[in-house]
Amino acid sequence: MSSSPVALYGFTRPELVALVTGWGMSAVHAARLWKYLYLEGMDDFAAMSELPARLRSRLETETMPGRLAIARETHSSDGFTRKYLLALGDEHRIETVLMRYTGRTTACISSQVGCAMGCVFCATGQMGYTRHLTPGEIVAQAVHVDRVLRHTAEENPALSEADHFSPHHRHERLRNIVLMGMGEPLHNYDAVMKAADILCDGAGMGLGAKKITLSTVGVVPGIIRMTDEKRQMHLAVSLHGATQAERLALVPAARAWPLDALMDACRYYTETLDRRIFFEWTLIEGKNDGPDQAHAVGALLKGMQAQVNLIPLNPTSGYAGLPSHNTAAKRFQEILAGYGLPSTVRQRRGIDIGAGCGQLAVAEG
Ligand code: SAH
Ligand code: SF4
């Protein structure tokens with residue numbers, strides 16, 4: 001019985017070496033293959049001319065890189081955001097977004113098909129949970145974005161030069177990853193961490209661990225495990241409510257992991273690792289954007305190494321709320337500043353392409 005080819009993007013470098021040496025071939029060739037995949041962004045084994053023909057033909061019959069085809073692509077009118085609906089090997093699709101503003105290139109990648117957490121205002125939450133992504137499917141999204149940047153440089157060198165053209169590479173490279181696409185990354189812990197290890201491998205994509213930000217709805221055991229494993233990526237926690245009752249109304253997962261336990265886990269993280277935590281707060285007009293809520297956030301986070309990222313709501317079909325006005329966001333920020341808490345209001349560029357979490361997949365039906 002022939003099994004389906006395995007996706008190499010799901011292999012760590014030691015695993016790839018083990019695969020190739022297990023076939024009786026040299027670890028040097030495995031190292032070359034790794035560079036073809038991640039430094040040169042190649043996915044056609046036949047074109048990997050420095051690999052022995054015997055290895056190339058074995059790769060072709062038994063493996064595949066694991067490239068994800070573009071099912072749909074949308075560009076924001078300002079040109080700074082590109083959103084991709086990528087086709088998985090089964091019938092499912094996920095979203096990956098490339099953002100090129102604020103002086104950085106960032107990929108927003110997904111960790112699951114759908115999400116089990118059911119946050120009321122979230123398009124992904126509204127579609128429910130289908131399955132976890134594999135490590136290879138998570139890595140493939142970053143490879144996809146890196147490939148897009150590579151081609152952008154080829155099509156328009158002047159643009160790349162003016163932007164963040166690296167003298168060490170012949171094209172702009174992906175610098176930052178946020179795990180803020182579809183899904184709850186700490187619900188798919190092992191696959192997400194393996195993918196991060198693959199992407200941070202210095203001989204390949206070589207992303208700094210501190211260039212990855214993982215956003216969680218507040219999965220307490222996952223935060224504790226990240227702390228115990230001394231994970232170097234940044235942590236963002238989606239708060240949205242500063243009392244258990246107000247949070248639970250927006251975030252059903254707060255029933256399993258109540259606010260007190262979440263804050264204990266966050267303190268354990270910041271104190272053990274001496275790291276700052278980002279707290280995300282979706283601003284919904286008249287719901288959680290008033291001065292009372294801002295003071296409650298201030299009291300809750302006072303004294304912590306914390307930064308609050310305020311995100312005006314992206315309206316979704318399944319939730320009636322509206323985004324807060326700028327004046328409410330500004331007032332919220334001023335109150336937080338009074339508690340010594342820095343904050344940002346996320347730019348809403350890309351909103352015209354439905355860049356809110358899960359929105360392209362929903363539009364696709
Ligand atoms: N599951 C993780 C990461 C994905 S969502 C999490 O919940 O943190 C990334 C961020 O986008 C979260 O803070 C989430 O609450 C927020 N978000 C989801 N839908 C949104 C919407 N329609 N408008 C604004 N922010 C939204
Ligand atoms: Fe899942 Fe995050 Fe959406 Fe909540 S906000 S439903 S945790 S993807």
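Atoms within a ligand are numbered from 1 in the order they appear, just like the ligands themselves. Basis for what follows: all heavy atoms, side chains included, without hydrogens, waters or symmetry-related copies.
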Is it the side chain, the backbone, both or neither of Glu280 that has a heavy atom closer than 4.0 Å to ligand 1? side chain

Donor + acceptor pair across side chains of His234, Arg275 (<3.5 Å): yes

Which ligand 2 atoms are under 4.0 Å away from a heavy-atom of Gly118? 6 (S)

List ligand 2 atoms under 4.0 Å from Cys119, heavy atoms only on the residue side. 4 (Fe), 5 (S), 6 (S), 7 (S)

Return the option from Thr282, Thr124, Val120 holding the heavy atom at the smallest distance from atom 26 (C) of ligand 1. Thr282

How about Thr130 and Gln112: does a side-chain donor come under 3.5 Å of a side-chain acceptor? no

Could you tell me whether the side chains of Ser343 and Gln333 share a donor-acceptor contact shorter than 3.5 Å? yes

Check whether Phe11 forms a cation-pi arrangement with Arg13 (NZ or CZ under 6.0 Å from the six-membered ring centre, at most 45° off the ring normal). no

Step through the shown structure and confirm whether more than 12 heavy atoms of other residues, nucleotides or ligands are within 6.0 Å of CG on Asp197. yes

Look at ligand 1 and say whether Gly218 reaches it with a heavy atom at a distance under 4.0 Å. no

Taking 4.0 angstrom as the limit and counting only heavy atoms of Thr216, give me the atoms of ligand 1 inside it, by number and element. 6 (C), 8 (O)

Residue portion contacting ligand 2 (non-hydrogen atoms closer than 4.0 Å) for Cys115: side chain

Examine ligand 1 and decide if any of its atoms is less than 4.0 Å from a heavy atom belonging to Met117. no

Under a 4.0 angstrom heavy-atom cut-off, which atoms of ligand 1 come close to Gly181? 4 (C)

Parallel, tilted or perpendicular: rings of Tyr339 and His295 (30°, 60°): perpendicular

If only side-chain N and O atoms count, and only distance matters, is there a donor-acceptor pair under 3.5 Å linking Asp228 with Tyr268? yes

Taking only non-hydrogen atoms of Met117 and a 4.0 Å limit, the atoms of ligand 2 in range are 1 (Fe), 7 (S)

Between the side chains of Gln305 and Tyr269, does any donor sit under 3.5 Å from an acceptor? no

Below a 4.0 angstrom heavy-atom separation, can you tell me which part of His240, side chain or backbone, both or neither, approaches ligand 1? side chain

Among Ser110, Cys115, Cys122, the residue with a heavy atom nearest to atom 19 (N) of ligand 1 is Cys122

Show which atoms of ligand 1 fall inside a sub-4.0 Å distance from at least one heavy-atom site of Thr316. 22 (N)

Mark up the atoms of ligand 2 that fall under 4.0 Å of a heavy atom belonging to Val217, in ascending order. 7 (S)

Between His132 and Tyr129, what is the ring plane arrangement, given parallel below 30°, perpendicular above 60°, and tilted in between? perpendicular

Report yes or no: does a heavy atom of Gly183 sit under 4.0 Å from some atom of ligand 1? yes

Note: Asp146-Arg150 ion pair, threshold 4.0 Å (strictly below): yes

